[in-house]
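When a residue number appears, it is its place in the shown sequence, counting from 1. Just so we're clear, the structure is a prediction, and the values are computed from it rather than from any experiment.
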Amino acid sequence: QVQLVESGGGLVQAGGSLRLSCAASGRAFSSYAMGWFRQAPGKEREFVAAISWSGGRRYYADSVQGRFTISRDNAKNTVYLQMNSRTPEGAAVYYCAADRRREATMNKYEYDYWGQGTQVTVST
């Protein structure tokens with residue numbers, strides 16, 4: 001069992017930066033692939049970024065490619081999402097997720113554990 005707790009959300013102006021963190025409990029964190037997803041009000045939860053267990057493979061949604069960076073620190077049981085050059089997208093809840101398989105995936109249905117989410121709002 002893995003518990004995930006996101007932090008770092010808040011209000012950011014368009015063009016600004018924000019870093020989200022996701023702290024995981026459990027000794028198996030280093031063997032899990034991790035992902036970030038987001039969900040705006042009234043919309044489906046969508047893929048943002050994913051990273052393999054070693055950090056060697058990373059995937060991004062086209063909409064964030066070049067602006068967002070996912071990384072992980074297995075010694076700290078933490079995965080990060082650095083968000084730069086934010087566009088005025090309004091509000092969304094960002095979720096961290098863990099996949100017991102080692103390789104990263106963009107498919108939300110393949111993730112086994114989810115955090116409670118952290119709210120991010122981008123203003124103009």
Side-chain angles (χ1 to χ4, degrees):
Q1 189 75 12
V2 174
Q3 291 186 325
L4 305 172
V5 179
E6 301 95 336
S7 62
L11 178 66
V12 60
Q13 289 189 328
S17 299
L18 202 63
R19 188 175 82 156
L20 305 182
S21 299
C22 173
S25 65
R27 294 175 293 177
F29 172 81
S30 61
S31 67
Y32 292 170
M34 299 296 295
W36 284 99
F37 293 78
R38 65 187 177 190
Q39 187 168 16
K43 295 188 176 181
E44 293 282 325
R45 190 170 300 188
E46 65 175 3
F47 169 76
V48 175
I51 188 168
S52 63
W53 67 280
S54 67
R57 291 183 182 269
R58 308 180 193 198
Y59 301 101
Y60 297 95
D62 290 344
S63 59
V64 307
Q65 180 76 46
R67 298 186 297 118
F68 289 14
T69 301
I70 188 171
S71 62
R72 65 189 298 161
D73 185 338
N74 286 344
K76 296 182 177 180
N77 278 18
T78 302
V79 63
Y80 304 97
L81 184 68
Q82 177 68 43
M83 305 185 291
N84 297 331
S85 302
R86 290 306 314 263
T87 57
E89 301 159 334
V93 178
Y94 281 71
Y95 296 92
C96 167
D99 182 352
R100 286 176 291 186
R101 290 163 293 193
R102 292 185 166 217
E103 295 307 319
T105 175
M106 297 182 283
N107 186 344
K108 61 186 176 185
Y109 298 108
E110 295 186 10
Y111 285 83
D112 302 292
Y113 306 103
W114 292 84
Q116 294 298 307
T118 185
Q119 179 85 37
V120 175
T121 302
V122 184
S123 64
T124 56

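A heavy-atom distance below 4.5 Å is found between the side chains of Arg19 and Tyr80. The closest side-chain heavy-atom distance from Trp36 to Cys96 is below 4.5 Å. Contact check for Thr69 versus Arg58: side-chain heavy atoms found under the 4.5 Å cut-off. Within the 4.5 Å cutoff, side-chain heavy atoms of Phe68 are placed close to those of Arg86. Using a 4.5 Å heavy-atom cutoff, the side chains of Val48 and Met83 are not in contact. The side-chain heavy atoms of Thr105 and Phe47, taken from C-beta on, include no pair separated by under 4.5 Å. Side-chain contact between Val2 and Met34 is absent, with no heavy atoms from C-beta onward closer than 4.5 Å. Put simply, the side chain of Val122 does not reach to within 4.5 Å of the side chain of Thr87, judged on heavy atoms.
Here CD of Gln1 is found 10.0 Å from CG of Asp112. Values are rounded to the nearest 0.5 Å. To the nearest 0.5 Å, atoms CG (Leu81) and OG (Ser21) are separated by 9.5 Å.
Smallest separation of non-hydrogen atoms from Arg72 and Ala33: NH1-CA, 4.1 Å. Nearest heavy-atom pair, Thr121 versus Gln119, reported as atom, atom and distance to 0.1 Å: OG1-NE2, 3.8 Å.
By the ring-ring contact (aromatic ring centres under 6.0 Å, His included) test, Tyr59 is found to be paired with no residue, residues two or more places apart in sequence or in another chain being considered.
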- Can you check side-chain contact (heavy atoms from CB on, under 4.5 Å) on Arg102 and Ser31, steps first, answer last? CA-CA 6 Å; Arg102 292 185 166 217; Ser31 67; 4.1 Å; yes

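At least one donor-acceptor pair under 3.5 Å links the side chain of Arg101 to the backbone N or O of Glu110. Judged by distance alone, the side chain of Asn74 and the main-chain N or O of Trp53 form a donor-acceptor pair under 3.5 Å. At least one donor-acceptor pair closer than 3.5 Å links the side chain of Lys108 to the backbone N or O of Arg45. Put simply, the side chain of Ser25 gets close to the backbone of Gln3: a donor and an acceptor are under 3.5 Å apart. At distances below 3.5 Å, not a single donor-acceptor pair connects side-chain atoms of Gln116 with backbone N or O atoms of Glu6. Between the side chain of Asp99 and the backbone N or O of Ala104 there is no donor-acceptor pair closer than 3.5 Å.
In this structure, Arg67 is not positioned above the aromatic face of Tyr60 in the sense of NZ or CZ being under 6.0 Å from the six-membered ring centre and within 45° of the axis.
Only one option out of Asp73, Ile70, Leu20, Leu4 pairs with Val79 in a side chain to side chain contact (heavy atoms under 4.5 Å, CB included); it is Ile70.
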